[in-house]
Amino acid sequence: MEKSLKTNCIEEGLQMAKTEANLRRAKEEEKRIGGTVAGCPFRTRFHIMPPVGWINDPNGLCQFHGVFHAYFQYSPLSVHGGGGYWGHCTSRDLLHWEYHDPVLTTDIPEDQSGVYSGSALIEDGKMYLFYTGNVKLPGDYDYIDSGRISNQLMVISEDGQEMSQKKKLLGMEDYPEDITAHIRDPKVWKADGRYYMILGARARGYAEDGSRRDKGGVLIYASEDKLKWNLHQKLIPEKAFGYMWECPDLFELDGEKVLSFCPQGLEAEKERFQNIYQSGYSLLSRSSDPEETFTEWDMGFDFYAPQTFRTEDGRRIMIGWAGVPDTEKAHRNLSVANGWQHCLTLPRELSIKDGKIYQKPVKELYALGWKNEQTADSRYHWDGRTVLLEIKEIGGMFQKIKIGQEENGLTIHIEDDLAELSFLAGGAGTAAAGRETCECGGGRRRRIGRVSGKVDELTVLADSSIVEVFVNGGELVFTTRIYLEGRERDLTVSGAGKYSIFTV
Ligand code: FRU
C-alpha cells in the first residue's frame, strides 16, 4: 500500500513538472511572437483564432454557468501544427472571445504524443471533458496497425480552467478486434440516465483481391457512471464510405437523428467532395446507411471537424474548423508569415427543413449594432474589418459579388440553383474565368454548390480574412479564407436582388 502511494506521488510530481514546463513553453512563445501576431492585418474580430501558432478542431464546446467555453486543438510552438495543447477561450455572446491558458498538455504516458479532440459534458455543476490521448511509439511502424495507441481519457473541472487528474477510460485492450489503432475524438452525451460516447474509427477491411481497403465508421460506448464503458453499438458500413471517420457527433435535431462525421478517402465527384477530406451529416432517422443521406456541411475550401452543443436556451450550435488537414500543398494561408494560421467558423445555429439541415449565423451576430451603409453606387470600401451583405429577392437571376479587387478578389456568382465561389482571375461564371488564381486566395480555385430550388437570398459575412456565405437562409453554406490588404477590401454587387450592406 505504502509503496503504491509513493509511486503515485512520484508520478504525480513528474506530471506536474511536465505540465508546468509545457505551459511555460507556450507562454514564452505567446510572449515572443504575440506582438507580431496581434499586428497582423488578417486577424479577425469575431472568430476564434490561435493566440499564436496554429489552431485546428474546436473541442469541448459548451455553456457552463451561462458562459460559453470553447477549447481547441492548439499548437503555440509551431505555426504548422503538431498539437500538444488544448487552448481555451470563453465568451458571453459567442462572438467576443477571451483567451486563457491552455488547459491540457501532453504530460502523462497515455497522451504523450497528443491531447487530441474531444468534448464536454456538463452535469451537477461540473464540467467533464473527454479527449483522446494519442501515443506514437518511436520506431519503424505504419501507425495504423502498430506503433500507435489511442486512449480515451477524462478530466473534471469546477471552473472550466483548472482540471482534475487525468483518468483513462478506454485503451487498445477495449476496442473490437477489427478496429485499427485509429480510434478517437470522443463526443459524450447523456440520455435516459445513461452516458454515451461516440468515437471515430478506422476498421480493417479487404478488397476482393485481398488487398487492404479500410473502412471508416463509428463505435458507441455506454456507461452508467462515466468511468466504466462498454461497447454499445458499432456502425461500420458494409461498403466502405471512406477509410477513416474523424470527429463524429450524434444528436437530435427537430425530431431527426443526425450523425455528423468527417470521412477521409472519398473520391472527388464533379461538384461534391472537392476538398481533400470531407465533413458532413447523415440522417439516421431516414436511412441506417450513412452514405445514402450524406450531405456536406459546407461547400467552401475551408471547413472540417465541426462540433455541436446545446445552449442553455435549447439551441443546437455548430462551430467548425475553417481549415482542412493536409492542404498546404494545394493552398496556403498568408498569415503564416506573421506567426499564426487558421481560425474557427462563426458559431452557426442548426435547424431542419424538408430533410435538410440549415445553418444560420447565431442570432447574437445581429445584436452587434450593425450600421446600414447603403451606397449610391454598388461598390463599397470596407475599411473596417467586418462587413455584412444581405441580398434578397434574387429569384435565381444572375448575380455577381466581388470581394476585393477585379484582379485580386473572390467572386461569388449566383444563377438559378447554383452558387459559385472563385478565386480564378477573370472571375466566375464567365468565359474569361482563367486558370490563374488570385493572390488573395493563396492558391484556392473554385467551388460550386446547389440549392434545391432557385437561389433567392444571400448573406455574406466577411470578417477580415474569412468569408462565410449563407445561401437561402443557410440551406447551402461556403466558408473560405481570403487574404486582402485593408486598401483592397472593396465589395461590389452587380445583378438582381435588393441588397444592403452593414458594418460594425
Ligand atoms: C481532425 C483531427 C482529429 C484529431 C485531431 C488532432 O482534424 O485529426 O481526428 O483528434 O485532429 O489534432
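From a predicted model like this one, the values you see are computed outputs, not experimental measurements. Whatever order the structure lists them in is the order used to number ligands and atoms, beginning at 1. The basis for the numbers below is simple: all heavy atoms, side chains too, and nothing from hydrogens, waters or symmetry mates.
The aromatic rings of Phe68 and Phe309 sit perpendicular, their planes meeting at an angle over 60°, well past the 30° parallel limit.
Scanning for ring pair (Phe, Tyr, Trp, His ring centres under 6.0 Å) contacts around Tyr304 gives an empty result, with sequence neighbours left out. Phe301 is linked by a ring pair (Phe, Tyr, Trp, His ring centres under 6.0 Å) to Phe423, counting only residues two or more places apart in sequence or in another chain.
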Ligand 1 polar-atom proximity to protein (N/O, under 3.5 Å):
unit_1   : atom_1 : unit_2 : atom_2 : d
ligand 1 : 7 (O)  : Asp57  : OD1    : 2.8
ligand 1 : 7 (O)  : Asp57  : OD2    : 3.3
ligand 1 : 8 (O)  : Glu246 : OE1    : 3.4
ligand 1 : 8 (O)  : Glu246 : OE2    : 2.8
ligand 1 : 9 (O)  : Arg184 : NE     : 2.8
ligand 1 : 9 (O)  : Asp185 : OD1    : 3.4
ligand 1 : 9 (O)  : Asp185 : OD2    : 2.7
ligand 1 : 9 (O)  : Glu246 : OE2    : 3.0
ligand 1 : 10 (O) : Ser117 : N      : 3.1
ligand 1 : 10 (O) : Asp185 : OD1    : 2.5
ligand 1 : 11 (O) : Asn56  : ND2    : 3.3
ligand 1 : 11 (O) : Asp57  : OD2    : 3.1
ligand 1 : 12 (O) : Asn56  : ND2    : 3.1
ligand 1 : 12 (O) : Gln73  : OE1    : 2.8

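To the nearest 0.5 Å, atom CG of residue Leu344 and atom SG of residue Cys89 are 7.5 Å apart.
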Would you be so kind as to tabulate the donor-acceptor pairs closer than 3.5 Å made by side chains of residues 228-237, with sequence neighbours excluded?
unit_1 : atom_1 : unit_2 : atom_2 : d
Trp229 : NE1    : Lys226 : O      : 3.0
Lys234 : NZ     : Asp178 : OD1    : 3.0
Lys234 : NZ     : Asp178 : OD2    : 3.0

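Salt-bridge formation is not detected for the pair Asp142/Arg148: no Lys NZ or Arg NE/NH1/NH2 atom is positioned less than 4.0 Å from an Asp or Glu carboxylate oxygen.
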